[in-house]
There are 2 protein chains.
Amino acid sequence: MEEEKELLENTNIKPSIARVKVLEYLRNNKTHPTVEEIYTSLAEEIPTLSKTTVYNTLELFENNGLARIVNVGENESRYDADISNHGHFKCDGCGRVYDFRVNMEALETRGLEGYKIWEKHLYYRGICSRCRD
Amino acid sequence: MEEEKELLENTNIKPSIARVKVLEYLRNNKTHPTVEEIYTSLAEEIPTLSKTTVYNTLELFENNGLARIVNVGENESRYDADISNHGHFKCDGCGRVYDFRVNMEALETRGLEGYKIWEKHLYYRGICSRCRD
DNA sequence: TATAAAAATGTAATAATTACAACCATGCTC
DNA sequence: GAGCATGGTTGTAATTATTACATTTTTATA
């Protein structure tokens with residue numbers, strides 16, 4: 001709560017209730033929630049919250065380096081407050097999205113000479129160990 | 001045309017006109033087209049084509065290893081007849097999606113022990129060299 | 001407290017995707 | 001060749017995610 005407020009202020013974003021709560025939610029729920037999930041969860045404690053606000057807030061966070069979009073091959077966006085370059089694994093059994101560590105800097109690419117790279121996204125799909133058992 | 005027909009037969013897929021044409025389109029247009037693009041392009045020569053058929057066909061191809069979904073962080077799916085593990089670069093200037101070579105096998109991951117991996121997807125975003133000039 | 005700027009809301013529009021029932025084409029059997 | 005079954009295609013409607021935008025509310029500050 002207080003931490004998130006500070007974080008927003010340090011980024012020159014006015015810490016409105018909605019913004020603080022969305023950021024807090026992202027930092028407490030590292031499950032890569034969808035907009036829908038964020039909205040329905042927070043709507044309980046903020047009854048006046050609207051989905052548009054959640055969209056606006058997440059876009060603001062993305063543009064200011066407070067959150068990243070997570071894409072695992074579905075037609076809805078997920079969000080992650082972990083900004084570091086890491087991979088995501090989508091389990092086609094339980095549907096969960098896991099983080100995994102990966103050294104993306106070590107990747108050698110051919111064909112991007114002279115390109116300016118802003119973001120790197122890596123995701124795998126398969127079956128997690130829990131679902132395999 | 002003939003090649004695509006054979007390819008489909010070898011995969012035990014009946015080579016209907018729609019299927020042959022969609023596959024041919026994917027193999028001739030390595031621009032990672034969207035469903036919309038595939039549909040409008042082919043609708044000229046196949047006036048009875050429906051978008052549902054394009055969706056059905058692409059899903060069939062995906063399930064049979066003839067095409068892969070390409071996701072570059074937008075809310076629409078693109079398709080690629082190149083099945084190999086390679087990366088995609090989305091230019092936020094011109095909107096083009098480029099392929100790039102990358103040795104994905106070399107990636108070392110931490111946290112996926114015991115997981116079964118089916119697909120690996122890697123995409124970057126930034127500005128291509130043409131747009132930087 | 002008055003006021004301006006910023007934030008949030010709600011509704012409506014857009015766009016991608018999916019569901020599904022009806023229709024059509026092909027090849028096989030009699 | 002007629003009938004039939006299977007598989008393929010179509011078109012419409014429904015669903016879902018996202019965006020646009022005008023209005024209202026909140027907030028910070030003078």
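Everything quoted here is computed from the prediction, not taken from an experiment. We name chains A, B, ... by the order of the sequence lines, and we start the count at 1 in each one.
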> Answer yes or no: is there a side-chain heavy-atom contact under 4.5 Å between B:Leu58 and B:Leu26?
yes
> Would you say A:Lys51 and A:Tyr55 make side-chain contact, with heavy atoms under 4.5 Å?
yes
> Between residues 56-69 of chain A and DNA chain C, which residues have a heavy-atom gap below 4.0 Å?
A:Asn56
> Quick one: does B:Glu37's side chain have a donor or acceptor within less than 3.5 Å of a partner on B:Thr34's backbone?
yes
> Kindly state which residues belonging to residues 10-27 of chain B come within less than 4.0 angstrom of DNA chain C, counting heavy atoms of the residue only, listed by number.
none
> Angle between ring planes, B:His32 versus B:His88, binned at 30° and 60°: parallel, tilted or perpendicular?
perpendicular
> Do B:Tyr115 and A:Tyr124 make a side-chain contact, defined as non-hydrogen atoms from C-beta onward lying under 4.5 Å apart?
no
> Would you mind reporting whether B:Phe89 and A:Ile117 have side-chain heavy atoms less than 4.5 Å apart?
yes
> Would you say the side chain of B:Val54 lies within less than 4.5 Å of the side chain of B:Lys21, judging by non-hydrogen atoms?
no
> Find the distance B:Tyr39:OH to C:dA15:P and express it as a whole number of Å.
16 Å
> Find out whether B:His86 and B:Met104 are in side-chain contact, i.e. whether some heavy atom of one side chain is under 4.5 Å from a heavy atom of the other.
no
> Less than 4.5 Å apart, side chain to side chain, heavy atoms only: is that true for A:Tyr79 and A:Asn29?
no
> Counting N and O atoms only, with roles assigned by atom type, does the side chain of A:Thr57 sit under 3.5 Å from a partner on the main chain of A:Thr53, one being a donor and the other an acceptor?
yes
> For DNA chain C, find the residues of residues 72-79 of chain B with a heavy-atom distance under 4.0 Å and give them by number; none if there aren't any.
B:Asn75, B:Glu76, B:Ser77
> I'd like to know whether CD of B:Glu44 has more than 12 heavy-atom contacts from other residues, nucleotides or ligands below 6.0 angstrom.
no
> Where along residues 42-51 of chain A does a heavy atom come under 4.0 Å from DNA chain C, residue by residue in number order?
A:Thr48, A:Leu49, A:Ser50
> Which whole-number value in Å describes the distance from B:Tyr55 OH to C:dA15 P?
13 Å
> Decide yes or no for A:Tyr98 and A:Arg130: does some side-chain heavy atom of the first lie under 4.5 Å from some side-chain heavy atom of the second?
yes
> Taking A:Glu62 for the side chain and A:Leu60 for the main chain, is one N or O donor matched with an acceptor at less than 3.5 Å?
no
> State whether the side chain of A:Glu6 and the backbone N or O of A:Glu4 hold a donor-acceptor pair below 3.5 Å, judged by distance alone.
no
> According to the salt bridge (charged side-chain N to carboxylate O under 4.0 Å, His left out) rule, which pairs have a member within residues 71-97 of chain B, sequence neighbours left out?
B:Glu74-B:Arg78, B:Glu74-B:Lys90, B:Asp82-B:Arg101, B:Asp92-B:Arg125
> Taking any atom under 4.0 angstrom from a heavy atom of chain A, which nucleotides of DNA chain D are the first and last to qualify, 5' to 3'?
D:dA17 to D:dC21
